[in-house]
Amino acid sequence: MESRIQSYLRFAASQQRDTERIGPFLATFSRHSPNPYLNYAIPDDGAAPSFADVNALIAAYSVRGRKPRLEYVAKLAPAVEETLISAGFTVEGRLPLMTCTPGSEKLFPLPADIELIVPVSEAEILGTAVAQHEAFTEAAPSPEDVDSLRKTLAAGGIAVLARLAATGEPAGAGMFTVPANQTTEIAGIGVRVPFRRRGIAGALTARLVREAFDAGVAVAFLMPGHEEGFRVYTRAGFCASGEILHISLPQADIYQSIKSSSPNSEDNSEKSG
């Protein structure tokens, strides 16, 4: 299951992004956003990178004005973390990897004044993007953000928008990414502050899972960023099945890491001598 999901992560991260093969890493770069969650690398299974590989990875992100960062199933490449830590990277978090398969999903009650729709019109797609950005305290979505969402939906991903039935005001949203090998990620589930603690996140999750399975998906997975989300997703039928490592290089450490990782640097010569 973990190998299947890691393979899917490589596929999904390559959609609508520039990619570069750097040693045992697949590096992905957003063309229009420095958002670290849209710019990260994934190591090959069983990777054992050298400091030169890590140095090249750092340089590739730095030259693009992006933070050097990785997201991956740590268990599948156990040697990578130690090398990254030695190069100055710090762990951002170890997120639970949760999966759901057909027959495991559970119903979730929906507040009476809220309706869930699959956005189709331009106004609905914009409302989905606005709800997600506000829920995650990000700036209002740019035209590029909305276009990216539109392209994902056109390619086979599906979003669900929660809104007030009476007025159409967006309350929250979520989506699943373009499926591959009958696998997809449930992502971006967010609820705007005025609508929280009403069960909307759980209802969004349940609807997205149903939409995914109706589309032929056999494995849906997600990565909750906090304990409350873990509880919500458990109630929706997901179970923990692994761990995803998020690790990055602090901006202040980029130059020093490049310098100390260089085989020709004075510091490196002293250590090896």
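Numbers here simply count residues along the sequence, with the first being 1.
Listed by chain and number, the residues in a salt bridge (Lys or Arg N to Asp or Glu O under 4.0 Å) with R94 are E81 (sequence neighbours excluded). Annotation: side chain to side chain donor-acceptor pair (under 3.5 Å) contacts of S142 (sequence neighbours excluded): E144, D145. In this structure, the salt bridge (Lys or Arg N to Asp or Glu O under 4.0 Å) partners of E71, at least two apart in sequence or on a different chain, are R69. For R210, there are no salt bridge (Lys or Arg N to Asp or Glu O under 4.0 Å) partners at least two apart in sequence or on another chain. By the side chain to side chain donor-acceptor pair (under 3.5 Å) test, T205 is found to be paired with no residue, residues two or more places apart in sequence or in another chain being considered. Residues forming a ring pair (Phe, Tyr, Trp, His ring centres under 6.0 Å) with Y61 (at least two apart in sequence, or on another chain): F29. Remark: S30 engages no residue in a side chain to side chain donor-acceptor pair (under 3.5 Å) (not counting sequence neighbours). For P34, the side-chain contact (heavy atoms from CB on, under 4.5 Å) partners at least two apart in sequence or on another chain are R66. For the salt bridge (Lys or Arg N to Asp or Glu O under 4.0 Å) test, no residue two or more places apart in sequence or in another chain qualifies with R231. Every residue meeting the ring pair (Phe, Tyr, Trp, His ring centres under 6.0 Å) condition with F11, not counting sequence neighbours, appears here in chain and number order: Y8.
In summary, the side chains of E185 and T177 do not present any donor paired with an acceptor at a separation below 3.5 Å, with no hydrogens or angles considered.
The neighbour count for L107 CG, taken as heavy atoms of other residues, nucleotides or ligands under 6.0 Å away, does not exceed 12.
Looking at R197 and E228, a side-chain N of the basic residue comes within less than 4.0 Å of a carboxylate O on the acidic one, giving a salt bridge.
Scanning all heavy atoms of the two residues, the minimum distance from P96 to P224 falls at O-CD, 3.3 Å. Between I189 and I186, the shortest heavy-atom distance links the atoms CD1-CG2, 3.5 Å. Nearest heavy atoms, A13 versus I42: CB-CD1, 4.3 Å. In terms of heavy atoms, G237 sits closest to C100 at O-SG, 3.6 Å. Summarising the geometry of L95 relative to M223, their closest heavy-atom pair is CD2-O, 3.8 Å, with the distance given to 0.1 Å.
Side-chain contact between F108 and L204 is absent, with no heavy atoms from C-beta onward closer than 4.5 Å. Between E211 and T184 the shortest side-chain heavy-atom distance does not fall below 4.5 Å.
Evaluation of the side chain to side chain donor-acceptor pair (under 3.5 Å) test over residues 147-162, restricted to residues two or more places apart or in two chains, returns Q16-S148, Q16-T152, E122-R150, D147-R150, D147-K151.
When atom types are taken as modelled, the side chain of D53 and the backbone of S50 share a donor-acceptor pair closer than 3.5 angstrom. Under the 3.5 Å distance criterion, the side-chain polar atoms of N35 are matched with a main-chain donor or acceptor of Y37.
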Quiz item: Under the side-chain contact (heavy atoms from CB on, under 4.5 Å) criterion, do L153 and I125 qualify, and how do the steps go?
Solution: CA-CA 9 Å; L153 301 183; I125 292 172; 4.1 Å; yes
Exercise. I would like to know whether L97 and L222 meet side-chain contact (heavy atoms from CB on, under 4.5 Å); could you show each step before the answer?
Key: CA-CA 6 Å; L97 176 60; L222 48 73; over 6 Å; no
Practice problem: Start with the C-alpha gap between T128 and M175, add the side-chain angles, then the distance that decides, and say whether side-chain contact (heavy atoms from CB on, under 4.5 Å) holds. | Solution: CA-CA 9 Å; T128 299; M175 66 179 298; over 6 Å; no
Going by atom type alone, with no hydrogens or angles, which donor-acceptor pairs under 3.5 Å involve a side-chain atom of residues 156-165 and a protein atom two or more places apart or on another chain?
from, atom 1, to, atom 2, distance (Å)
R163, NE, E115, OE2, 2.6
R163, NH2, E115, OE2, 3.1

